[in-house]
Engineer: 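Here you go, one structure.
Heavy-atom basis, side chains included; hydrogens, waters and symmetry copies ignored.
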2 protein chains.
Amino acid sequence: MSQDAQVSSSSAPTLEDVARVAGVSRATVSRVVNGVRNVDPAIQEAVRAAVTATGYRPNRAARSLVTRRAETIALVVSGAGGDSPEEQDAFAARAFGDPFFGRVVSGVIGYLRPHGMHPVLMFAETAAARAEVVAYLRQGSADGALVVSTHAEDPLPPMLAEAGLAAVLFARPARPVPLSYVDLDHRDGGRLAAERLLGLGRRRPATIAGPLDVPAGQERLAGFRDAMARGGQPYVPVAEGGFTARSGAEAMARLLADHPDLDAVFAANDLMAEGACRVLLEQGRRVPEDVAVVGFDDSPAATACRPPLTTVRQPVEDMAAEMARLLRQRIEAPGTPVTSAVFDPELVVRESA
Amino acid sequence: MSQDAQVSSSSAPTLEDVARVAGVSRATVSRVVNGVRNVDPAIQEAVRAAVTATGYRPNRAARSLVTRRAETIALVVSGAGGDSPEEQDAFAARAFGDPFFGRVVSGVIGYLRPHGMHPVLMFAETAAARAEVVAYLRQGSADGALVVSTHAEDPLPPMLAEAGLAAVLFARPARPVPLSYVDLDHRDGGRLAAERLLGLGRRRPATIAGPLDVPAGQERLAGFRDAMARGGQPYVPVAEGGFTARSGAEAMARLLADHPDLDAVFAANDLMAEGACRVLLEQGRRVPEDVAVVGFDDSPAATACRPPLTTVRQPVEDMAAEMARLLRQRIEAPGTPVTSAVFDPELVVRESA
DNA sequence: AGCTGCCCTGAGAGCGCTCTCCCCCTGTTG
DNA sequence: CAACAGGGGGAGAGCGCTCTCAGGGCAGCT
C-alpha cells in the first residue's frame with residue numbers, strides 16, 4: 001500500500017503529500033515528524049498514519065538547507081604522509097590494515113547509528129587533502145569532524161581549531177590545541193604492565209618504549225617506571241623503539257646485550273613485543289619462563305604471536321563512541337568549553353606473562 | 001582578504017554575494033561555478049575573481065535540493081550477522097580487521113576524491129540496518145551504494161535491486177541479481193597457483209578449497225583443477241575449509257592423513273594456507289622443500305607466515321575504483337544495462353612455493 | 001536597411017523543508 | 001458576562017541553489 005502511494009505521486013512523497021492525506025497543514029506534519037510540540041494526540045495519530053501510508057521520508061537536503069545542519073559528521077583519518085599516489089595508497093592501507101581503525105569505526109557507528117547519522121570517511125594525508133577536509137566542513141557538508149591521527153605532529157587539528165570548526169580528536173595532540181579529545185590513561189596502562197610483572201615475581205625488568213616524542217610513548221614509559229619504582233625496582237633499562245616489529249626486535253637485542261640477565265620486558269605496543277619475542281626465542285630464552293613479555297594494544301599481533309601476548313587493552317570502541325558523543329555535544333552547543341575524556345586500560349592475560 | 005569578505009557577510013557567502021561582487025546575476029555565477037556554458041571569458045574571469053575574493057563555496061544542501069543529487073555515495077559493508085550489540089561490534093571488527101576492507105576503502109576514495117565526492121560508511125549486518133540503508137538511499141541522502149558483502153547469501157543486493165536503487169557489488173553474488181559488479185577471475189587465480197606448483201615440478205598436489213557455496217570458493221578450485229588436469233594431474237585431492245586458519249589446519253591434517261606423500265598444497269586463501277603450514281611443520285614437513293604451499297589474497301597473513309607465502313593477489317584497489325566508476329556511471333545514466341568488470345589476479349612469489 | 005537567428009545574460013520560479021508569526025478557539029478569571 | 005491567557009493549528013516567507021524562459025545585442029544575410 002505504501003508502494004501504491006509512493007508510485008502514484010510519481011516521485012518521493014513530500015510533506016505536502018502527507019499533509020494532504022492527513023488533512024492538515026504542512027506545518028503540522030513537520031511538527032509531528034520532528035520534535036512533537038503541542039500537537040493534538042488525535043492529529044498526531046492521523047499524521048503518523050499518513051506518513052506510513054505514503055512512505056514519507058524527510059528530504060535531507062531540504063531540511064539541511066533551512067536548519068543549516070548536515071546531520072553528517074566526517075571521520076577523518078589524518079596523518080602526515082607523502083603526496084605521491086603510491087604513498088596515499090600506502091597510507092590508506094596502513095591505516096586500515098591496523099584493526100585499530102576498524103574498532104574506531106565500529107565505535108563511532110555504534111554511537112551515531114541510533115541518532116540517524118552516518119560518518120563520511122575522509123583521508124587527510126596530504127596538504128591538499130587537509131585543505132579539502134576544512135573546505136568540506138566550512139561548506140557545511142558535515143557538521144564536525146572526528147579526527148584520528150597517525151602521527152603526533154598532525155597539522156590538521158590546529159587548522160580545524162583555527163577555522164572554528166567542531167572537531168574531536170582521538171588521543172591528545174603533541175602540542176596543545178583548543179579541541180576536545182578522548183584518550184587512554186597510558187600511565188595507568190604502564191602501571192598495569194609493571195604490576196603484572198612484579199606480581200609474577202620478576203625482579204630484573206626492562207622496557208622497550210615507544211617513540212618518546214609521542215605522548216603515548218612517554219606516558220606508557222613513565223607509568224611503567226613509576227610503578228616499578230614503587231614496587232622496589234627504581235632502575236629499569238630502556239630501549240626506544242618505533243612501534244614496529246623490527247624496531248622492537250632491535251631494541252630487544254640491545255637490551256639483551258647490555259642486560260643478559262633480564263627476566264621481564266614491557267614493550268609499549270604489541271608489534272614491538274612480537275619482535276622482542278622473536279629475538280628472545282632466537283637467543284634461546286623461553287617466554288614466559290625465562291623472560292616474561294607484556295605488550296600494549298591487544299592487537300591481532302597479540303594473539304598471532306607465539307606465545308600469545310599478555311597485553312594492555314584500550315577500550316577503543318568506547319573511546320570512539322565517546323568521541324562521537326563529544327562532537328555531537330559540541331555541535332549542539334558550540335559554546336561549551338573543550339574537554340577530554342580519559343579511559344582506563346585493562347590487562348589481558350595470555351601466555352607471555 | 002578572503003577572510004575579511006567571509007567575516008563581513010557574517011555567514012558563509014552565497015551565490016548572491018558573489019554575484020554582487022562580480023556585478024552579474026546569480027544565474028551567471030552559477031553557470032561559471034558549474035559546467036561553464038556560453039559565458040563571456042571576461043565575465044568568467046570576473047566571477048572567478050569574486051569567488052576567490054569572497055571565499056565562496058556552493059552550499060551542498062541547496063544544490064542537492066534542486067538537482068536531486070546528494071553527490072554522495074554509500075559504502076556499505078554488508079553481511080548476515082546477528083542482532084546483538086556484541087555481534088555488531090564483532091562484525092565491524094572482523095570486517096575492518098581484514099585489511100581487505102582497507103584496500104577497498106582506499107580504492108574507492110582514490111576514485112571518488114578527484115570527483116569531489118566522499119563515501120558515507122554504513123554497516124548492514126542486521127535486518128534493521130539493511131532497511132536503513134535502503135531508506136537512506138530512497139531518501140536521496142546518497143545517490144547509490146557500493147556494497148561489499150561478507151557473505152555470499154547477503155540479502156541486501158536483492159533489496160537494492162528491487163527498490164530500483166543504484167548499486168554496484170564487490171564480487172558476484174551467489175544468486176543472480178540485476179546489479180553490476182566487479183570481481184576477480186578466480187579461475188585464473190587457481191590456474192596461476194597450479195602453474196606455479198607444476199613449474200616447480202610438483203607432481204602430487206592437493207588443495208584446500210574455500211566454502212563451496214561461495215562462487216569464489218568454487219572457481220578457485222575449478223581453475224586449479226583445470227590447470228592441473230591440463231598439466232597432467234587429473235586427480236587432485238580436495239579438503240574443504242572455511243577460510244579460517246583453523247579450518248585450514250584441519251583440512252591439512254585430513255589431507256596428510258589420506259595422502260601422506262603430497263608435495264604441494266594450494267589453499268584458497270592465506271589464512272588457510274597459514275594453518276596448513278603450521279600443521280605441515282608440526283608433522284615434520286619442510287615448506288617449501290617437502291611441500292610447496294600457495295595461498296590466495298596476499299593478505300598480511302602471507303608475509304607474517306613462516307615461511308612467507310607465495311600467493312595470488314587481487315588488485316583490490318583497482319577493483320574498488322572500478323566499482324566506484326561503474327556506480328557513478330549508473331547514477332549519471334540510469335538507463336545503462338548492468339555490467340561486470342572482471343580483473344586478473346597476479347602471482348606473488350615468496351618463499352613457500 | 002531590415003530581418004532572421006544566435007549568443008549571452010537576467011529575471012524568476014520553484015526544490016522540500018522549517019519556523020515565525022498570527023489567528024482561532026477553549027477555558028479561566030474578575 | 002466580558003476580558004484575557006494560552007494552547008493548537010495554518011499561512012507564508014524564506015534557506016541557497018539551478019534552470020527555464022525570455023529578452024537584448026550583434027553579426028550575417030537578403
Side-chain angles (χ1 to χ4, degrees), chain A residues 5-6 9-48 50-51 54-72 116 135 138-141 143, chain B residues 6 9-48 50-51 54-72 116 135 138-141 143 332:
Chain A
Q6 171 83 8
S9 71
S10 85
S11 162
T14 72
L15 256 197
E16 194 73 52
D17 298 326
V18 179
R20 202 175 316 116
V21 172
V24 297
S25 75
R26 235 173 36 237
T28 301
V29 178
S30 178
R31 278 190 268 262
V32 175
V33 171
N34 301 309
V36 192
R37 197 190 60 191
N38 297 346
V39 178
D40 187 292
I43 292 189
Q44 281 191 37
E45 196 50 39
V47 170
R48 260 188 261 282
V51 166
T54 52
Y56 172 74
R57 286 260 157 197
N59 178 310
R60 159 182 302 241
R63 177 179 284 177
S64 288
L65 183 56
V66 34
T67 58
R68 317 190 135 268
R69 282 285 184 67
E71 294 297 342
T72 292
R138 292 182 68 137
Q139 185 181 3
S141 296
D143 302 323
Chain B
Q6 171 84 6
S9 72
S10 87
S11 163
T14 71
L15 257 198
E16 195 72 52
D17 298 325
V18 179
R20 202 175 315 115
V21 172
V24 296
S25 74
R26 234 175 35 240
T28 300
V29 178
S30 178
R31 278 190 269 263
V32 174
V33 170
N34 300 308
V36 192
R37 198 190 59 189
N38 297 347
V39 177
D40 187 294
I43 292 189
Q44 281 190 37
E45 196 50 39
V47 170
R48 260 188 261 282
V51 166
T54 52
Y56 172 74
R57 285 261 157 198
N59 178 309
R60 156 181 305 239
R63 177 180 282 178
S64 288
L65 183 55
V66 33
T67 58
R68 310 182 141 271
R69 281 285 183 65
E71 295 297 341
T72 292
R138 293 183 67 137
Q139 186 181 1
S141 296
D143 301 323
E332 304 290 335

Engineer: Send over the distance from A:R69 CZ to C:dT18 P, rounded to a whole Å.
Structural biologist: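 Nearest whole value for this atom pair: 13 Å.
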Engineer: Check the distance between C:dC15's C1' and A:R26's CZ and give it to me in whole angstrom.
Structural biologist: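 It is 12 Å, rounded to the nearest whole Å.
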Engineer: Heavy-atom nearest nucleotide on DNA chain C for A:V66 versus B:V39: which residue maps closer to 5'?
Structural biologist: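 Counting from the 5' end, the first nearest nucleotide belongs to B:V39.
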Engineer: Quick one: A:R31 CZ to D:dG8 C1', roughly how many Å, whole number?
Structural biologist: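 Distance, rounded to whole Å: 7 Å.
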Engineer: May I ask you to verify if any side-chain N or O of A:S30 is less than 4.0 angstrom from the OP1 or OP2 atom of C:dT18?
Structural biologist: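 Yes.
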Engineer: At less than 4.0 Å, is any side-chain N or O atom of B:N38 found next to OP1 or OP2 of C:dC8? Yes or no.
Structural biologist: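 Affirmative; the distance criterion is met.
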Engineer: Taking atom types as modelled, is there a side-chain donor on B:N34 or B:R63 under 3.5 Å from an acceptor on the other?
Structural biologist: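 Per modelled atom types, B:N34 and B:R63 side chains form a pair under 3.5 Å.
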Engineer: Taking atom C1' of C:dC15 as reference, at what distance in whole Å does atom CD of A:E16 sit?
Structural biologist: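 Rounded to whole Å, this separation is 12 Å.
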Engineer: Between atom CG in A:N59 and atom C1' in D:dC17, what is the gap in whole Å?
Structural biologist: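 Taking CG of A:N59 and C1' of D:dC17, I get 13 Å after rounding.
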Engineer: Tell me which of B:A27 and A:R68 sits closer to the 5' end of DNA chain D, going by the nucleotide each one is nearest to.
Structural biologist: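 Mapping each residue to its closest nucleotide by heavy atoms, the 5'-most match is A:R68.
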Engineer: Would you kindly give the CG-to-P distance between B:L15 and C:dA11, to the nearest whole Å?
Structural biologist: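 Result: 14 Å.
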Engineer: Are the side chains of A:R20 and A:D17 in touch, meaning some heavy atoms are under 4.5 Å apart?
Structural biologist: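 With C-beta onward as the side chain, the pair touches.
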Engineer: Quick one: is D:dG16 close enough that its OP1 or OP2 comes under 4.0 Å of any side-chain N or O from B:T14?
Structural biologist: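 For D:dG16, neither OP1 nor OP2 has a side-chain N or O of B:T14 closer than 4.0 Å.
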Engineer: Provide, to the nearest angstrom, the distance between the CG atom belonging to A:N34 and the C1' atom belonging to D:dG9.
Structural biologist: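 It works out to 16 Å between those atoms.
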Engineer: Heavy-atom nearest nucleotide on DNA chain D for A:V24 versus B:L65: which residue maps closer to 5'?
Structural biologist: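 Closer to the 5' end of DNA chain D: A:V24.
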Engineer: Rounded to whole angstroms, how far apart are CG on A:D40 and C1' on D:dG6?
Structural biologist: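 Computing the A:D40:CG to D:dG6:C1' distance gives 15 Å.
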